[in-house]
Amino acid sequence: FNAACHAWCLMRSPAGLALGAICSELASAAAAELDAAGLPAVRGRGKNGRGKACILEAGISYRRALNRGVILTSGAAIPVRMLPRCIDAMAAAMDALGFVPPRFVTTGSEPLSLAALPAPERLSLVARRYGLGSSSSISSSSSSSISGSGSCSLRPHRDAFALFDEPVFGLVLRGGGIGAPKFFLCRDHAQLSPCGGSRFELDEFGGLTLCLTGSARYAWDHGVIAGKSDYHSSLACKAPDVVQERLSLTWRWFRKSALLWASTEVIAARRWVCHFIESALTSGFSHDEVNAFLGGEDESGGGEESLRRFLQSKDAVMVPWLRASVLEAALRIPVHRSGRSAGIGDTEDAILMVALALLRLWDQSADHVTKLPNPSSRDI
């Protein structure tokens with residue numbers, strides 16, 4: 001890993017983004033394991049001309065949680081223990097970034113233990129294989145937007161606040177080249193040109209690892225885009241001028257509160273919601289802000305009456321399954337009416353502050369229900 005390139009990247013990277021690298025042998029072994037596990041090759045392009053991606057999930061399925069509000073520790077994704085070489089690479093990546101996992105012991109060719117990773121019962125692992133990109137897929141027009149140019153293999157987004165804990169890790173197993181898909185972060189992506197100052201791209205290689213915490217996790221969108229880096233020529237360590245696929249791992253942990261909410265009985269859920277509402281209102285949040293946080297919709301003006309539905313039906317509470325963009329959209333009008341943005345100076349920052357503060361109260365209210373059950377090791 002070129003130290004000069006690493007230092008150059010960190011000088012201009014968002015706060016909370018950490019970069020590192022693992023040896024190419026570990027990355028190659030994990031990539032070969034995914035090939036053998038059935039992660040299909042990518043052919044053609046996806047909708048709207050975007051580079052297509054194939055996905056393999058392990059651990060808890062995030063797609064079932066976001067799309068159906070269901071948390072499954074088996075059936076929807078393969079057990080993480082079936083990917084020992086990936087576990088090896090993930091543990092090495094966390095070690096390289098300063099997140100030292102518990103050490104594990106192996107004998108000969110025995111599979112690596114899940115003890116190499118913290119909290120495996122809450123782990124969500126996603127392997128993605130992206131199709132070949134094209135350096136011409138990014139328009140040079142200053143009016144082009146990332147989200148609308150058709151050049152994204154993975155649209156800009158932030159991982160769901162109430163569903164996933166912090167941090168979020170990524171590891172590139174195969175990648176690199178001018179035409180290859182690559183990771184980027186951006187602010188206000190709908191307004192950006194490819195050369196905008198609020199975008200950060202990485203020239204990738206097999207073994208590159210990254211971690212998102214703080215601002216990079218909660219305030220910056222991230223995604224995967226195919227095309228030539230706007231600062232590629234200025235890097236001391238240019239990527240090879242070849243087109244490759246991109247094979248990567250993303251792993252994060254479900255919040256304890258999300259798993260607990262999914263398994264909580266109706267009566268206990270009512271106590272949880274009641275305690276949260278009381279704590280939020282006592283802390284100075286408005287009825288409209290609390291309502292938007294719980295339901296994912298702006299019900300401004302409903303007052304105390306609008307909160308009753310969350311006490312009457314567990315299904316009315318949507319917060320664990322809300323995407324970050326949906327939660328922020330629901331909070332926009334209530335936060336604006338509260339006048340919080342005037343004190344902070346930026347509406348987006350005020351919305352994020354309210355969302356994370358309410359999320360802390362939501363997690364704390366989980367202490368008033370039964371403790372999180374331990375899933376069977378056979379399901380992990």
Side-chain angles (χ1 to χ4, degrees), residues 1-24 27 31 51 53 89-90 92-94 96-98 126-135 137-138 146 151-159 167-187 189 192-217 219-252:
F1 188 37
N2 188 296
C5 173
H6 184 211
W8 188 91
C9 286
L10 289 179
M11 282 192 299
R12 65 190 303 272
S13 67
L17 171 64
L19 301 173
I22 65 172
C23 68
S24 58
M90 292 157 63
M94 294 175 66
L97 291 167
V126 184
R128 286 188 175 92
R129 191 195 304 274
Y130 295 89
L132 302 182
S134 168
S135 60
S137 63
I138 296 183
I146 288 180
S151 58
C152 290
S153 296
L154 181 63
R155 285 184 178 274
H157 68 284
R158 278 163 290 165
D159 292 356
V168 175
F169 290 94
L171 172 61
V172 178
L173 301 178
R174 291 186 190 133
I178 292 177
K182 63 184 65 176
F183 180 85
F184 73 97
L185 294 108
C186 65
R187 294 292 299 267
H189 61 266
L192 283 179
S193 71
C195 297
S198 295
R199 195 175 98 195
F200 176 77
E201 291 182 20
L202 289 175
D203 278 301
E204 297 183 345
F205 56 88
L208 174 67
T209 185
L210 58 93
C211 175
L212 304 178
T213 60
S215 180
R217 160 73 172 95
W220 285 69
D221 291 275
H222 64 267
V224 174
I225 193 169
K228 183 185 294 185
S229 167
D230 57 330
Y231 61 86
H232 182 277
S233 60
S234 65
L235 284 177
C237 53
K238 294 183 180 180
D241 190 8
V242 296
V243 176
Q244 296 184 20
E245 70 170 7
R246 182 183 193 269
L247 179 58
S248 64
L249 295 176
T250 301
W251 66 100
R252 56 263 167 116

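Side chains are part of it too, since the values below use all heavy atoms of this structure and drop only hydrogens, waters and symmetry mates.
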Expected output: side-chain E204 to main-chain F183 donor-acceptor under 3.5 Å: yes

Hey, does the side chain of H222 reach the backbone of R158 with a donor-acceptor pair shorter than 3.5 angstrom?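 A pair under 3.5 Å: no.
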
May I ask you to test the [X]-[Y] pair for a side-chain heavy-atom distance under 4.5 Å?
X	Y	answer
R129	L247	yes
V224	P181	yes
F200	C186	no
F169	L249	no
W251	L171	yes

Could you tell me which non-hydrogen atom of A27 sits nearest to which non-hydrogen atom of G207, and how far apart they are?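 Heavy atoms of A27 and G207 come nearest at CB-N, 3.9 Å.
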
Compare every heavy atom of G20 with every heavy atom of L208, then report the nearest pair and how far apart it is. CD1-O, 3.5 Å

Could you walk me through whether F205 and S24 pass the side-chain contact (heavy atoms from CB on, under 4.5 Å) check? CA-CA 9 Å; F205 56 88; S24 58; over 6 Å; no

At what distance, to the nearest 0.5 angstrom, does [atom1] of [X] lie from [atom2] of [Y]?
X	Y	atom1	atom2	answer
M90	I22	CE	CD1	10.5 Å
L17	C211	CG	SG	8.5 Å
L19	L97	CG	CG	8.0 Å
L212	T250	CG	OG1	9.0 Å
L210	L185	CG	CG	8.0 Å

With sequence neighbours excluded, residues passing side chain to side chain donor-acceptor pair (under 3.5 Å) with T209: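 Counting only residues at least two positions away or on another chain, T209 forms no side chain to side chain donor-acceptor pair (under 3.5 Å).
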
Test side-chain contact (heavy atoms from CB on, under 4.5 Å) on Y130 and K182; report intermediate values, then the result. CA-CA 9 Å; Y130 295 89; K182 63 184 65 176; over 6 Å; no

Passes salt bridge (Lys or Arg N to Asp or Glu O under 4.0 Å), R252 versus D159? Steps please. CA-CA 9 Å; R252 56 263 167 116; D159 292 356; 2.8 Å; yes

